[in-house]
Peer 1: 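Sharing a structure, written as structure tokens. Questions coming.
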Number of protein chains: 2
Amino acid sequence: MTVRETVDAFHYGRFHLVQPKGIGHRSGMDAMLLAALVTGDGPMRVADLGAGAGAAGLAVAARIEKAEVLLVERSPLMAGFARKTLALPANAALASRVSVLEADVALAGKARIAAGLADDVFDHVIMNPPFNDRIDSRTPDALKAEAHAMEHDLFERWIKTAGAIMKPGGQLSLIARPQSIAEIIAACGRRFGGIEITALHARAGENALRILVTAVKGSRTRLALRMPLVMHEPGQHDFTPFVDDLNNGRAAYLRLPR
Amino acid sequence: MTVRETVDAFHYGRFHLVQPKGIGHRSGMDAMLLAALVTGDGPMRVADLGAGAGAAGLAVAARIEKAEVLLVERSPLMAGFARKTLALPANAALASRVSVLEADVALAGKARIAAGLADDVFDHVIMNPPFNDRIDSRTPDALKAEAHAMEHDLFERWIKTAGAIMKPGGQLSLIARPQSIAEIIAACGRRFGGIEITALHARAGENALRILVTAVKGSRTRLALRMPLVMHEPGQHDFTPFVDDLNNGRAAYLRLPR
């Protein structure tokens with residue numbers, strides 16, 4: 001099968017992404033906002049679970065100079081795009097800090113470790129799990145089956161893996177649909193505390209399109225529902241300045257002061 | 001034991017509430033916002049679960065002329081205050097449409113029905129379940145034990161009762177703390193759909209203090225996270241006009257158009 005591809009610039013050209021065209025998932029704002037949840041400027045190890053072509057992980061690497069990023073992706077096709085992305089000359093400044101692991105995030109126990117995901121390694125784990133919404137009528141059956149990862153217990157399995165591979169005190173960050181909120185909180189369970197949820201609305205008055213969630217491994221701090229982010233001012237097509245900064249790697253979305 | 005009491009006006013004097021002073025739970029804005037979630041103007045039967053002195057139920061009766069309201073309260077002390085409230089001459093215009101049932105909302109099956117809570121009766125069920133936060137150091141041990149209703153599975157039990165006593169298509173409305181959001185959604189489970197959640201923030205930029213939740217028995221509509229309500233404009237002590245209207249029975253908080 002021949003897959004057409006595109007090369008897209010992110011963060012005003014600070015990195016580029018090779019992505020399939022017409023099939024699979026194409027990254028965009030979700031991945032950029034997810035990357036904005038990672039804060040800090042010291043050395044850190046970051047795992048991007050379900051990384052696709054590597055958009056969120058590369059956005060972290062582009063903004064945080066000392067971040068080392070592991071892109072974890074089950075699909076050989078998408079992992080191949082991640083490798084093509086890292087091979088782009090335009091990404092040479094980042095590529096030495098980013099690597100690709102072709103593995104299934106949903107693996108557990110010894111199978112997970114054997115696949116290359118060891119315990120207590122990462123400071124940050126980020127995830128933008130696949131949504132059913134991404135699977136549209138144009139998707140071929142084989143890829144549809146591959147992408148149809150929104151199993152009933154997806155968040156339980158992915159967040160379990162995140163908890164296992166993260167150092168104590170490490171931070172989980174994810175972006176998801178609002179209707180997954182209860183499943184996400186339940187999956188955090190006793191593994192994570194200090195859950196902070198920020199709704200993302202396209203415009204004031206409209207329902208949330210996404211939720212941004214962070215949590216800390218081993219924390220006992222209670223959940224906080226933060227003020228939402230609104231992407232557009234009334235009547236404006238452009239993003240609000242803060243959302244634009246998050247989208248372009250010029251700002252991080254900080255957790256609450258403790 | 002002698003319990004001091006107060007008589008407080010709500011909705012600009014459209015009804016009054018007899019409440020204990022110094023012990024137990026005193027109603028205020030939470031109950032008024034909860035009442036604002038009940039919409040419609042035709043005849044309707046409304047159950048207020050854990051009604052306390054009857055604040056939310058009376059607020060519904062005051063705003064909706066054809067509403068018949070059952071106040072369900074386990075505590076004999078608080079049910080007594082609800083009866084005193086209904087006996088106030090100032091509440092004469094409402095009292096004929098409001099009654100008190102001394103029963104434990106957490107009862108199930110035949111025990112629930114025997115206690116006076118039959119199946120498929122109500123168009124609306126509202127609840128403002130007790131929070132642990134309400135139990136302060138001044139509370140005597142006996143009342144503390146009585147009020148300590150925030151059992152692990154409180155929402156599961158209360159929402160199960162709500163689903164049972166409500167007509168198909170009936171509406172559940174509740175107000176709760178943000179950290180209960182997952183428990184509430186899980187308890188709605190397959191009983192309710194069309195869950196709509198609105199966060200309530202004191203001021204823009206601050207974390208949510210409460211969530212307002214409505215859901216419809218038997219609905220399959222997916223969850224929506226709505227724009228939050230903000231109580232105060234920056235630098236202002238007064239409520240915003242819309243929140244003030246909700247608080248004073250001059251407006252209802254409508255569900256999304258379908």
Side-chain angles (χ1 to χ4, degrees), chain A residues 131-133 150 155-156 159 175-190 192-215 219-232 234 240 242 253-258, chain B residues 131-133 150 155-156 159 175-190 192-215 219-232 234 240 242 253-258:
Chain A
F131 308 155
N132 275 327
D133 290 4
M150 193 64 190
F155 283 105
E156 169 61 23
I159 289 174
I175 186 165
R177 295 180 300 177
Q179 55 264 40
S180 299
I181 191 169
E183 196 184 346
I184 291 164
I185 296 169
C188 284
R190 288 163 189 253
F192 293 91
I195 299 172
E196 298 185 7
I197 301 172
T198 304
L200 179 72
H201 300 251
R203 293 176 189 281
E206 296 182 2
N207 296 339
L209 297 174
R210 295 285 184 268
I211 51 173
L212 304 173
V213 181
T214 62
S219 168
R220 294 278 178 172
T221 304
R222 64 164 59 161
L223 180 147
L225 199 52
R226 299 178 63 176
M227 275 298 288
L229 288 173
V230 178
M231 291 162 63
H232 306 283
T240 60
F242 181 54
Y253 184 74
L254 302 178
R255 279 174 56 83
L256 295 168
R258 300 290 178 189
Chain B
F131 309 153
N132 275 327
D133 290 6
M150 194 63 191
F155 283 106
E156 169 61 23
I159 289 174
I175 185 166
R177 295 181 301 177
Q179 56 263 39
S180 299
I181 189 168
E183 194 184 347
I184 291 164
I185 296 169
C188 284
R190 288 161 189 257
F192 293 92
I195 299 173
E196 297 185 8
I197 300 173
T198 304
L200 179 72
H201 300 253
R203 293 175 189 282
E206 297 182 2
N207 296 339
L209 298 173
R210 295 284 185 269
I211 51 172
L212 305 173
V213 182
T214 62
S219 168
R220 293 277 178 174
T221 304
R222 65 164 57 160
L223 180 147
L225 198 53
R226 299 179 63 176
M227 276 298 288
L229 288 173
V230 178
M231 291 162 62
H232 306 283
T240 59
F242 182 54
Y253 184 73
L254 300 178
R255 278 174 57 84
L256 295 168
R258 301 289 179 188

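Note that the structure is predicted; figures quoted are calculated from it, not measured. Every chain is numbered from 1, with letters handed out A, B, ... down the list of sequences.
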Peer 1: Report which part of A:L256 has an atom under 4.5 Å of a heavy atom belonging to chain B: side chain, backbone, both, or neither.
Peer 2: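 For A:L256, side-chain heavy atoms alone lie under 4.5 Å from chain B.
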Peer 1: Which heavy atom in A:R203 sits nearest to a heavy atom in B:M227, and how many Å separate them?
Peer 2: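 That closest heavy-atom pairing would be O-SD, 4.3 Å.
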Peer 1: Of the backbone (N, CA, C, O) and the side chain (C-beta and beyond), which part of B:L209 lies under 4.5 Å from a heavy atom of chain A, both, or neither?
Peer 2: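 No part of B:L209 comes within 4.5 Å of chain A.
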Peer 1: Among A:N207, A:I185, A:L223, which residue forms the greatest number of heavy-atom pairs with chain B at distances under 4.5 Å?
Peer 2: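 Counting heavy-atom pairs under 4.5 Å, the top option is A:N207.
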Peer 1: Mind checking side-chain contact (heavy atoms from CB on, under 4.5 Å) for A:A215 and listing every partner two or more places apart, or none if nothing turns up?
Peer 2: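 Once residues adjacent in sequence are excluded, the partners of A:A215 under the side-chain contact (heavy atoms from CB on, under 4.5 Å) criterion are A:C188, A:F192, A:I195.
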Peer 1: Looking at CG of A:L225 and CD1 of B:I181, how far apart are the two atoms once the value is rounded to the nearest 0.5 Å?
Peer 2: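 If we round to the nearest 0.5 Å, A:L225:CG and B:I181:CD1 are 5.5 Å apart.
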Peer 1: Please look at A:E196 and chain B and tell me whether the side chain, the backbone, both or neither of the residue comes under 4.5 angstrom of a heavy atom of that chain.
Peer 2: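 Neither part.
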Peer 1: What residues, two or more places apart in sequence or in another chain, satisfy side-chain contact (heavy atoms from CB on, under 4.5 Å) together with A:T198?
Peer 2: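 Expected list: A:L212, A:R226, A:L229, A:Y253.
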